Amino acid sequence: MTLLKEINKTIGIKIETGGFRKTGYLLLLCVIVVLTVEMVYNNDNVCSRFANARLYEWLIYLGVFAIAVYINNRLLVPLFLLRNKLFGYVISMSLCVVLFMMVIISAQNILYDISENQGLIPLFLNIAGNMLSLGLIILSISVFPLFRNWMENSRLMAEQEKTMAEAELQQLKNQINPHFLFNTLNNANIKAEQEPQLAHGILLRLGGLLKYQLYESSQEKVLMRNEISFLRNYLELESTRRESLNYEICTDGIVESISMYPLLFIPFVENAVKHSANVKGSANIHIMFSVSGNRLYFRCENTKTEGRKPNGCGGLGLKNVKRRLELLFGKKYTLSVAEQENKYIVNLCVTP
């Protein structure tokens, strides 16, 4: 049983990564050769005009079938089937079959004296059989790119779920860690006697922060108003511990009603807080969310110590953040990180 699982796993990896591609092409070519030989030598064209008419006819069949399979796998399947455009695929494939059959019929007219045949019925059966064979070959070959695409999508989905879970757990560990909780609760305890109202606000924000990370962030997507509220609670708690920290969160357009993946922006905000900690004087963090068309723009700008280079992006690291963006959005995102003498700027654009 274990051996079968290993064999299935190895075959799946080979198909997924293209390891069987050369072998598959060779087997496919063998199948086409056998079918075309059978089709050529079982037709009724006997009145040839050339000495090697059968050979020429077979070479034309072989070329037509090979080109048809190549166009199907490289053009029709990616353009239509993989985009769920079944009607467009059927129409395109039918047109290709008709076109290639016209090439075959023209070649037969050149190679053979069709008028010497027994009638239209054998000719019609020959054409119909060739069209059916060509269509069946194309359809059967389409299974392989579809299967490979399905395996790739399944792998990406599994990797995405795993990465998202790891990202959330890592955020819980780094964002609301015991040290942070201790500092926040200690700050609330100090404020309790002198400024009880402020202490009450600290505890409320901390409760909102914990609630969001423990419950709402487990959903696939959340409203941006909740994500922004989470960022604001986090920055507010940080600012109560550091009087020199000033922050601003602005929105432009219908940002708050957009659905987005949770905990997507906190690594950049955490990074801004971390690298503004040693700034002399006032440390400023400016965050901007805006919408243009179907794109959401995020900009995070923070002051930093002159000459000091940031070392990563929060607890996840910039590399892991980019990987998560790739899994979530594919190529539908742009991320730029710019560093100036006393400023650190992150610009992110995603298509929800």
Side-chain angles (χ1 to χ4, degrees), residues 156 159-160 162-164 166-168 170-171 174-175 217 220-235 238-239 245-352:
L156 287 176
E159 187 176 351
Q160 176 179 326
K162 180 180 178 181
T163 303
M164 289 181 64
E166 291 175 351
E168 292 169 7
Q170 188 70 18
Q171 287 294 341
N174 289 282
Q175 299 287 333
S217 65
E220 182 180 0
K221 287 189 175 183
V222 296
L223 291 176
M224 277 300 300
R225 68 166 60 96
N226 297 332
E227 182 81 0
I228 293 174
S229 177
F230 167 73
L231 298 177
R232 186 172 284 111
N233 283 335
Y234 173 75
L235 288 172
E238 288 288 347
S239 65
L245 177 63
N246 301 310
Y247 74 91
E248 181 183 26
I249 300 179
C250 301
T251 59
D252 182 20
I254 53 172
V255 174
E256 296 188 347
S257 60
I258 294 177
S259 295
M260 183 51 62
Y261 298 100
L263 303 176
L264 189 65
F265 308 100
I266 188 62
F268 304 108
V269 177
E270 183 195 29
N271 188 59
V273 171
K274 179 190 297 184
H275 295 293
S276 63
N278 298 320
V279 174
K280 295 180 180 180
S282 178
N284 301 308
I285 298 175
H286 178 75
I287 297 173
M288 179 69 183
F289 291 96
S290 60
V291 175
S292 178
N294 63 339
R295 294 183 177 180
L296 174 66
Y297 294 88
F298 165 77
R299 179 182 176 90
C300 182
E301 181 179 319
N302 66 275
T303 53
K304 73 177 187 67
T305 303
E306 294 185 7
R308 181 176 180 179
K309 294 185 177 181
N311 54 354
C313 181
L316 286 173
L318 185 59
K319 181 179 179 180
N320 289 342
V321 172
K322 287 183 177 180
R323 180 56 181 160
R324 189 185 179 205
L325 289 171
E326 290 174 0
L327 291 172
L328 292 174
F329 302 102
K331 296 182 179 180
K332 297 181 179 179
Y333 87 94
T334 56
L335 174 65
S336 65
V337 179
E339 182 183 2
Q340 300 178 5
E341 186 64 25
N342 60 350
K343 190 180 295 184
Y344 192 62
I345 304 170
V346 174
N347 285 293
L348 174 64
C349 173
V350 298
T351 303

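Predicted, not measured: the structure shown is a model, and the values here were computed from it. By convention here, the first residue in the shown sequence is residue 1.
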When you look at V350 and L328, which way does the side chain to side chain contact (heavy atoms under 4.5 Å, CB included) test go after all the steps?
CA-CA 10 Å; V350 298; L328 292 174; over 6 Å; no
Contact summary for C300 and A272, nearest pair of heavy atoms:
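Closest approach of C300 to A272: SG-CB, 3.8 Å.
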Calculate, to the nearest 0.5 Å, the distance between atoms [atom1] and [atom2] belonging to [X] and [Y] respectively.
{"X": "I345", "Y": "E339", "atom1": "CD1", "atom2": "CD", "result": "10.5 Å"}
{"X": "F268", "Y": "I285", "atom1": "CZ", "atom2": "CD1", "result": "14.0 Å"}
{"X": "N302", "Y": "N342", "atom1": "CG", "atom2": "CG", "result": "10.5 Å"}
{"X": "L231", "Y": "Y247", "atom1": "CG", "atom2": "OH", "result": "10.5 Å"}

Between the main-chain N or O of L264 and the side-chain N or O of E227, is there a donor-acceptor pair closer than 3.5 Å?
yes
What donor-acceptor contacts under 3.5 angstrom involve side-chain atoms of residues 249-263, with partners at least two apart or in another chain?
residue, atom, partner, partner atom, Å
S257, OG, I254, O, 3.3

Could you pull out all residues at least two apart from R232 that satisfy side-chain hydrogen bond (donor to acceptor under 3.5 Å, both in side chains)?
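side-chain hydrogen bond (donor to acceptor under 3.5 Å, both in side chains) list for R232, sorted by chain: empty.
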Residues which pass side-chain hydrogen bond (donor to acceptor under 3.5 Å, both in side chains) with N284, listed by chain and number, not counting sequence neighbours
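side-chain hydrogen bond (donor to acceptor under 3.5 Å, both in side chains) list for N284, sorted by chain: N246, S282.
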Give the intermediate values and the outcome of side chain to side chain contact (heavy atoms under 4.5 Å, CB included) for residues F230 and V222.
CA-CA 11 Å; F230 167 73; V222 296; over 6 Å; no
Walk me through whether F265 and M224 qualify under side chain to side chain contact (heavy atoms under 4.5 Å, CB included).
CA-CA 11 Å; F265 308 100; M224 277 300 300; 3.8 Å; yes
Is there side-chain contact between L325 and L348, with heavy atoms separated by less than 4.5 Å?
yes
For residues 286-297, run the donor-acceptor check on the side chains, cut-off 3.5 Å, and write out each pair with its distance to 0.1 Å, sequence neighbours left out.
residue, atom, partner, partner atom, Å
H286, ND1, E248, OE1, 2.9

Quiz: residues 329-337 side-chain donor-acceptor pairs under 3.5 angstrom, not counting sequence neighbours:
none

